[in-house]
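Before any comments, here is the structure.
All values below come from the heavy atoms of this structure, side chains included, with hydrogens, waters and symmetry mates left out.
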Amino acid sequence: MATLSADLVRDFQLGDFEEYPAVAADIIYQGAAVGENASGYSRPLVAGDVFQGFAVEQSDNAAGSAGDKRVKVRTRGRVVLPIAGIGITANDRPAVYASDDNTFTLTASTNSLIGYVSRWESTGFAVVEYDAALVRAALQA
């Protein structure tokens with residue numbers, strides 16, 4: 001490639017959003033934590049999946065084959081989540097894990113890392129800072 005000698009309109013994508021092919025015969029609901037299965041398809045997160053983000057809108061592939069529908073996810077940001085056992089002392093940024101698409105905990109076990117507590121919000125709730133790309137990188141390190 002040569003250096004530019006004129007303006008070039010590029011096809012930029014929205015930085016905090018991504019669309020992934022959805023698993024067959026399932027519905028991913030808006031707000032669900034989304035994980036990648038062993039075949040590379042997105043699904044409502046199951047403990048052990050690589051976290052991809054949170055579904056921005058529902059993706060209904062209940063009657064479809066794998067990849068027939070795509071799920072739009074927000075890949076990074078901050079979100080208020082219910083977290084089992086969270087206390088006001090959680091401001092030291094502990095890791096947050098998911099055991100399914102709507103169950104969040106501070107226990108690693110076989111759960112999926114999704115992010116870190118940004119701040120305690122109220123009893124049982126915290127603001128979680130998440131970045132799916134950083135989570136993936138951490139798992140590959």
Considering non-hydrogen atoms only, spot the tightest contact between [X] and [Y] and give its length.
{"X": "Ala132", "Y": "Phe51", "result": "CB-O, 3.7 Å"}
{"X": "Ile27", "Y": "Ala62", "result": "CG1-CB, 4.0 Å"}
{"X": "Ala66", "Y": "Ala24", "result": "N-CB, 3.3 Å"}

**Item:** Step-by-step side chain to side chain contact (heavy atoms under 4.5 Å, CB included) determination, Val96 to Thr105
**Value:** CA-CA 6 Å; Val96 178; Thr105 181; over 6 Å; no
Mind checking whether [X] and [Y] sit in one hydrophobic cluster, side chains of I, L, V, M, F, W, Y counted as touching below 4.5 Å?
{"X": "Phe54", "Y": "Val23", "answer": "no"}
{"X": "Leu106", "Y": "Val128", "answer": "yes"}
{"X": "Ile88", "Y": "Val127", "answer": "no"}

Test: [X] and [Y] ion pair at under 4.0 Å:
{"X": "Arg76", "Y": "Asp16", "value": "yes"}
{"X": "Lys69", "Y": "Asp60", "value": "no"}
{"X": "Glu57", "Y": "Lys72", "value": "no"}
{"X": "Glu36", "Y": "Arg136", "value": "yes"}

Using a 4.5 Å cut-off on heavy atoms from C-beta on, say whether the side chain of [Y] contacts that of [X].
{"X": "Tyr20", "Y": "Val73", "answer": "yes"}
{"X": "Tyr97", "Y": "Thr107", "answer": "no"}
{"X": "Val71", "Y": "Ile28", "answer": "yes"}
{"X": "Glu129", "Y": "Arg93", "answer": "yes"}
{"X": "Val34", "Y": "Pro44", "answer": "no"}
{"X": "Val135", "Y": "Ile114", "answer": "no"}

**Message:** For the aromatic rings, using the six-membered ring if either is Trp, is the centroid distance between Tyr116 and Tyr130 under 6.0 Å?
**Reply:**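 Tyr116 vs Tyr130: aromatic centres not under 6.0 Å.
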**Asked** Is the closest side-chain donor-acceptor distance between Thr75 and Glu18 under 3.5 Å?
**Response** no
